[in-house]
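Data block below; observations after.
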There are 2 protein chains.
Amino acid sequence: MTKRAMLSKDHPCRSCDVSAEALCRALDVETLADFRNQGGRLHLTAGQTLFHQGDPADCVFSLTSGVVKLYAILSDGRRQIVAFLFPGDFVGFETQQSHGFAAEAIGDTTLCRVLKRRFEWFVDHYPALAEARYRRATAELAIAQERMVTLGRQTAAERLAGFLSDIQRRAGFRGRDGANLVPLPMSRGDIADYLGLTKETVSRELTNLRKARVIRSHSLTLIEILDPRGIGALACGIAA
Amino acid sequence: MTKRAMLSKDHPCRSCDVSAEALCRALDVETLADFRNQGGRLHLTAGQTLFHQGDPADCVFSLTSGVVKLYAILSDGRRQIVAFLFPGDFVGFETQQSHGFAAEAIGDTTLCRVLKRRFEWFVDHYPALAEARYRRATAELAIAQERMVTLGRQTAAERLAGFLSDIQRRAGFRGRDGANLVPLPMSRGDIADYLGLTKETVSRELTNLRKARVIRSHSLTLIEILDPRGIGALACGIAA
DNA sequence: CGTGCCGTTGATGCCTATCAAGGACCGTGG
DNA sequence: CCACGGTCCTTGATAGGCATCAACGGCACG
């Protein structure tokens with residue numbers, strides 16, 4: 001049994017099943033309880049925004065269920081989705097005063113919220129949390145830099161293959177027959193805006209992969225990867 | 001007089017004129033001297049690489065003069081430059097074991113090198129340095145995310161305008177007649193690989209800006225911005 | 001059972017890449 | 001000092017990949 005089980009029976013963190021990499025995990029049990037009591041729990045339904053571009057960034061959030069998109073909108077309506085956030089991801093721990101991007105729920109979503117000032121108090125007093133926060137920041141930086149390569153230099157097919165690999169790694173699961181299943185809770189338009197393409201191109205490339213028997217669609221929001229090597233070969237590109 | 005003047009007369013950091021945001025500035029004088037003695041100074045000439053993709057990341061570097069490009073190469077030779085580093089910038093403070101990108105000097109370059117283990121010892125013992133390192137990481141993350149927008153959604157003209165604005169902010173200076181001068185030490189090919197374009201397109205867009213009297217070329221590596229508002233109008237895009 | 005949103009597919013066009021040639025600049029060596 | 005070669009930049013012609021425009025189909029919802 002993990003220390004986690006020692007939380008009082010009705011403490012929300014007790015049943016929190018976010019991935020082991022969540023920043024909260026850097027805290028021991030009593031501290032976690034303390035930390036958790038600083039904030040509140042938040043529910044969002046599809047399309048609700050957590051914050052807009054330019055909003056003051058005075059809270060940090062830990063996503064416990066659902067998927068959130070982080071995006072920028074240009075003056076003429078063009079949109080770029082900077083990241084999809086999955087359970088276990090943190091939002092808002094950047095040092096800027098205001099949010100550079102908007103955050104919006106893709107489906108039903110729950111988050112934990114803590115005032116940033118509180119969060120920083122904990123960071124100052126618990127080196128493990130500071131360390132975890134720093135590791136998270138550099139990990140995200142590395143991801144962001146990889147995405148520059150994707151957006152700057154890859155073709156539509158490569159982008160989509162890379163995207164499917166990523167989602168599989170972060171949210172993929174096995175069917176009872178061992179099938180390699182990948183959920184796609186976001187719309188085609190969202191995928192397009194994430195990859196710097198249009199929804200039509202995303203749709204076309206998906207059918208290409210389908211025709212090539214690399215993937216199979218179980219529904220609009222659930223695909224199966226039939227040929228992981230094929231996906232990998234397309235996606236890789238990077239490094240010699 | 002700043003505390004800096006208290007460094008022993010021949011201490012290398014004494015004459016170091018990197019921008020005030022360099023991480024070293026988080027340390028007080030004696031500590032800085034101590035810190036500085038851990039490493040060495042490094043000189044590179046045009047085209048020399050500091051490290052390759054995949055090299056073990058066991059040193060951190062502080063750029064004191066010159067410009068360095070950080071880039072990835074895909075298996076078929078496509079290249080994406082992830083960042084240009086200017087004096088005051090730090091390299092290699094990410095948490096990964098190996099470098100995800102290669103670093104190469106664009107012209108003559110000098111850097112300070114410190115073993116990462118040493119650096120981390122200082123981070124552990126000087127909270128101000130930890131704080132500065134964290135701020136730097138999140139600042140770079142924000143920049144990387146902005147660049148996703150550029151690479152994913154902006155046109156060639158917008159990318160170039162944004163690029164010129166950025167370089168002006170980071171390395172621009174005034175001529176004796178007040179001219180708004182921007183150095184371009186990197187080649188057109190480098191700019192192209194930074195912006196996700198080709199060198200031909202970069203060249204064409206530069207001549208467009210020239211014909212539109214938005215910029216003027218003093219030489220291949222030095223341009224003058226005649227119409228900052230024009231550049232800004234093109235570059236902005238972001239936010240309504 | 002209609003209505004609307006989302007996804008797919010097709011036809012067309014545009015932006016930028018690619019291919020190609022000429023020109024400017026620079027360092028070298030005669 | 002000038003000729004020379006190489007590299008980088010510029011400019012033009014053409015092509016291709018993806019966007020745009022448009023129509024249709026499926027699915028969810030009222």
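Quick note on labels: first sequence line is chain A, next is B, and so on, each numbered from 1.
Between chain B and DNA chain D, the heavy-atom contact criterion of under 4.0 Å yields a 5' to 3' nucleotide range of D/dC9 to D/dA13.
Checked against side-chain hydrogen bond (donor to acceptor under 3.5 Å, both in side chains), B/Q168 has the following partners two or more places apart in sequence or in another chain: B/N180. Residues that satisfy the side-chain contact (heavy atoms from CB on, under 4.5 Å) test with B/A139, not counting sequence neighbours, are absent from this structure. Under the side-chain contact (heavy atoms from CB on, under 4.5 Å) criterion, B/T95 pairs with A/Y134, A/R135, A/T138, sequence neighbours left out. Shown here are the side-chain hydrogen bond (donor to acceptor under 3.5 Å, both in side chains) partners of B/Q96, two or more places apart in sequence or in another chain: there are none. A/T49 pairs by the side-chain contact (heavy atoms from CB on, under 4.5 Å) definition with A/H52, A/E104, not counting sequence neighbours. In terms of the side-chain contact (heavy atoms from CB on, under 4.5 Å) criterion, A/S98 has no residue partners (sequence neighbours excluded). Take B/R216 and apply the salt bridge (Lys or Arg N to Asp or Glu O under 4.0 Å) test, not counting sequence neighbours, and it matches B/E224.
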Atom pairs under 3.5 Å, N or O on each side, protein against nucleotides 4-7 of chain C: can you list them with distances?
from, atom 1, to, atom 2, distance (Å)
C/dG7, OP1, A/R188, N, 3.1
C/dG7, OP2, A/R188, N, 3.4

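Nearer to the 5' terminus of DNA chain D, by closest-nucleotide assignment, is the contact made by B/T207 (compared with the other of B/T207 and A/E205).
Here A/L206 lies out of heavy-atom contact (under 4.0 Å) with every strand.
C/dT16 atom C1' lies 10 Å from atom CZ of B/R159, rounded to whole Å. One interatomic measurement links the two molecules: CZ of A/R78 to C1' of C/dC15, which rounds to 13 Å at whole-angstrom precision. The separation between B/E200 atom CD and C/dC19 atom P is 10 Å, rounded to whole Å. Following rounding to the nearest Å, B/L195 (CG) and C/dA17 (P) show an atom-to-atom distance of 10 Å. To the nearest angstrom, P of C/dG22 lies 16 Å from CZ of B/R204.
The phosphate of C/dC15 has neither OP1 nor OP2 within less than 4.0 Å of any side-chain N or O from B/T201.
A donor-acceptor distance shorter than 3.5 angstrom exists from the side chain of A/R159 to the backbone of A/Q154, with no hydrogens or angles considered. Side-chain atoms of B/S165 come within 3.5 Å of backbone N or O of B/A161 as a donor-acceptor pair.
Counting only residues at least two apart or in different chains, salt bridge (Lys or Arg N to Asp or Glu O under 4.0 Å) contacts with residues 180-195 of chain A comprise A/K69-A/D190, A/R79-A/D190, A/R79-A/D193, A/D193-B/R153. Within the structure, the salt bridge (Lys or Arg N to Asp or Glu O under 4.0 Å) test picks out the following pairs touching residues 165-184 of chain B (sequence neighbours left out): B/D89-B/R170, B/D166-B/R169.
Comparing the helix axis at one end of the helix from C/dC1-D/dG30 to C/dG30-D/dC1 with that at the other, each defined from 5 consecutive pairs, gives an inter-axis angle of 30° (nearest 10°).
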